[in-house]
Amino acid sequence: MSLELLSQLEQKIQSALEHIELLKMELEEEKTKNQQLTEKNEQLQQDLETWSDKVSGLVGLLNHEIN
């Protein structure tokens, strides 16, 4: 009976190790996605700042022309 229990334990350990490996791969994928989203967010922040500066400049020109 103890060999059977040992075999079951071995199977459960192997299954747990496989599951851990899958989780590690998923974590790496999520880290990659997170990095890509962070980079995209930074680019969008820069674009927003550029547009904001341009709009402010145009509004300044309009105000200057009106006065």
Would you say [X] and [Y] make side-chain contact, with heavy atoms under 4.5 Å?
X     : Y     : value
Ile20 : Lys24 : yes
Lys31 : Glu28 : yes
Thr38 : Asn34 : yes

From [X] atom [atom1] to [Y] atom [atom2], the distance as rounded to the nearest 0.5 Å:
X     : Y     : atom1 : atom2 : answer
Leu9  : Gln14 : CG    : CD    : 11.5 Å
Leu17 : Leu22 : CG    : CG    : 11.0 Å
Leu37 : Leu44 : CG    : CG    : 10.5 Å
Asn41 : Gln43 : CG    : CD    : 10.5 Å
Gln45 : Ser52 : CD    : OG    : 11.5 Å
Ser56 : Leu61 : OG    : CG    : 11.0 Å

Check Glu26, Glu21, Met25 against Leu23 for a side chain to side chain contact (heavy atoms under 4.5 Å, CB included) and give me the one that passes.
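Among the candidates, only Glu26 passes.
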Name the one of Asp53, Val59, Leu58 that satisfies side chain to side chain contact (heavy atoms under 4.5 Å, CB included) with Val55?
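Among Asp53, Val59, Leu58, the one that satisfies the side chain to side chain contact (heavy atoms under 4.5 Å, CB included) with Val55 is Val59.
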Keeping Ser7 on the side-chain end and Leu3 on the backbone end, is there a donor-acceptor pair under 3.5 Å?
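Side chain of Ser7 to backbone of Leu3, a donor-acceptor pair under 3.5 Å: no, none is there.
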Judged by modelled atom types alone, do Gln35 and Glu39 share a side-chain donor-acceptor pair under 3.5 Å?
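Yes, side-chain donor-acceptor contact under 3.5 Å.
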